[in-house]
Structures are given as C-alpha cells and as structure tokens.
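To start, the structure under review is shown below, and the notes come after it.
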Amino acid sequence: MTQLRKALAEPTRPRVFQAWPETRSESFPHSADQHVGRQIAMVRVQSDVSQAQLARSIGISFQQLQKYENARNRVSASMLYEISRSLDVPVSRFFDGLPGNDETSREASPLPVDERIEFIASAEGRRLIGGLMQLRPRVRGRVASLISALGEELALLDKNTERTDEPEPADRKTG
C-alpha cells in the first residue's frame, strides 16, 4: 500500500500545463467575468429592463443576476444564452471590447457605450438610484436640480481653472 501511495504522489509524466497560475487568488474574479458582467448590466440598462424583470424572464433571483453583473458568480454558457435571448442581443455582444477578443461578430453592431450607463450599472449607481426612488417625486426632482446645479458650478470652476493655468500671450506680458 505504501508503494502505491508513493507511486501516486510522484507522477511519471511531467505536468504540461496548469489551468490557473498558482499565484491567482480565488477571491478576485477573472477580468473576463468582470467584463461580461458589466456588459450584461449595460445591455440590460440600455434596454430599460430592471434586474428583477430580467431575472424573472430567465428564471433566477435578482440577487443571482446581481452576482453575475458584479462578477461574484460566473455566468454559464447556457445562462448567457438565455440572457442574450431575453435582451434580444447576440451572445457575442457580451464579449465586445474584451481585450484579446478580435474575432467578434461584425454583423452585430454594438450598442453605444455611455459612461452614464456604466455608472447606472455600477453598484454605486444602483445604490444612488435606489435611494432616489425612495424619495417622494417632488423631493426627487429637487435633488436632481441640486445635482445638476452642482455639475454646472463644477464645470464653470474647471473652465476658470483652465483659463488661469494658460500662459499669457507674449504681446500681453509686461516686463
């Protein structure tokens, strides 16, 4: 029995490859899983579909869909297929823009990428929208106006800062 254990412990064939590098931590999702999750969220938001609606249409809980979108859980091929059918996009859409994915379908035109959509699909964006939705419509409108005014003020400050950072033209310098 001891010889059998020793024989099994020392394989005769050298190892050709490893599925994962040994330094890979299991606590971090793979970048491809993160990309696919973000794409699912972006397409869902662009399609004006809530997490609950999409989850219901593919037969999972909205919490499971959140895990897919945040790459806490990997999406199986069959589930990705169901998501693509429900959102009426080709499966390849979820891989658009993935580094090293040069063979994407040329027939499927990607949906426009908008940083606002990415924010809305992010955990921070969902938390903000969730909080806003708990407000009364009138208060929500006032908060939206406040945020808009803050954005305008910050843009004006940035514009003024850019002007003061520019060097004066040579003919205007006194010296």
Side-chain angles (χ1 to χ4, degrees), residues 17-155 158:
F17 68 92
Q18 288 183 317
W20 297 105
E22 290 182 21
T23 58
R24 181 174 168 78
S25 170
E26 291 301 319
S27 64
F28 296 108
H30 192 278
S31 60
D33 295 322
Q34 291 175 324
H35 179 84
V36 169
R38 279 193 303 267
Q39 293 301 309
I40 291 170
M42 274 188 6
V43 173
R44 179 183 57 73
V45 170
Q46 288 174 335
S47 300
D48 198 28
V49 175
S50 72
Q51 283 182 327
Q53 290 170 322
L54 178 57
R56 222 178 0 261
S57 75
I58 59 176
I60 62 173
S61 67
F62 80 91
Q63 293 94 338
Q64 182 61 47
L65 182 62
Q66 281 180 333
K67 290 177 183 179
Y68 289 154
E69 290 183 356
N70 294 320
R72 286 195 304 268
N73 285 5
R74 288 187 174 157
V75 184
S76 69
S78 58
M79 186 54 61
L80 198 55
Y81 173 77
E82 291 300 324
I83 292 169
S84 73
R85 285 188 60 200
S86 184
L87 294 173
D88 197 29
V89 296
V91 173
S92 62
R93 170 60 181 90
F94 302 114
F95 297 95
D96 286 351
L98 183 64
N101 186 26
D102 299 332
E103 301 277 45
T104 56
S105 171
R106 302 293 176 219
E107 298 170 15
S109 59
L111 297 172
V113 176
D114 186 335
E115 66 185 26
R116 295 171 294 183
I117 300 292
E118 284 188 23
F119 174 74
I120 290 169
S122 73
E124 181 184 14
R126 288 192 306 271
R127 197 170 51 248
L128 176 64
I129 291 170
L132 285 171
M133 294 309 295
Q134 292 178 0
L135 299 174
R136 291 188 201 132
R138 185 173 178 187
V139 175
R140 191 168 46 232
R142 288 180 175 171
V143 170
S145 296
L146 174 65
I147 291 171
S148 179
L150 285 171
E152 290 172 10
E153 285 294 318
L154 290 173
D158 286 346

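Note that the structure is a prediction, hence the values are computed from the model and not measured. All residue numbers in this chain count up from 1 along the given sequence.
In terms of heavy atoms, Leu135 sits closest to Val143 at CD1-CG2, 4.0 Å. Taking both residues in full, the closest heavy atoms of Asn73 and Gln64 are given as ND2-NE2, 2.9 Å, listed atom of the first, atom of the second, then distance. In plain terms, the two heavy atoms of Phe94 and His35 that are nearest each other are O-CD2, 3.5 Å.
Annotation: salt bridge (Lys or Arg N to Asp or Glu O under 4.0 Å) contacts involving residues 38-67, sequence neighbours excluded, comprise Arg44-Glu69. Residue pairs meeting the side-chain hydrogen bond (donor to acceptor under 3.5 Å, both in side chains) criterion with at least one partner in residues 123-141, sequence neighbours excluded, are Asn70-Arg126.
Inter-residue side-chain proximity for Met133 and Ile129 is flagged as met; some heavy-atom pair is nearer than 4.5 Å.
Side-chain atoms of His30 never come within 3.5 Å of backbone atoms of Ala71 as a donor-acceptor pair (strictly under, hydrogens ignored). A donor-acceptor pair is defined here as one N or O able to donate and one able to accept, closer than 3.5 Å; such a pair exists between the side chain of Ser145 and the backbone of Gly141.
Note that CD of Gln51 is 11.0 Å distant from CD1 of Ile40, once rounded to the nearest 0.5 Å. Between atom CG of residue Leu154 and atom CG of residue Asp158 there is a gap of 6.5 Å, rounded to the nearest 0.5 Å. If you take CZ on Arg93 and CD on Gln46, they are separated by 6.0 Å, rounding to the nearest 0.5 Å. The structure places CG of Asp33 at 11.5 Å from OH of Tyr68, a figure rounded to the nearest 0.5 Å.
Under the rule for a side chain to side chain donor-acceptor pair (under 3.5 Å), the partners of Gln53 that lie at least two apart in sequence or sit in another chain are Ser50.
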For residues 78-90, please give each side-chain donor-acceptor pair under 3.5 Å, one per line with the distance, not counting sequence neighbours.
residue : atom : partner : partner atom : Å
Ser78   : OG   : Ser76   : OG           : 3.2
Ser84   : OG   : Tyr81   : O            : 2.8
Ser86   : OG   : Ser57   : OG           : 2.6

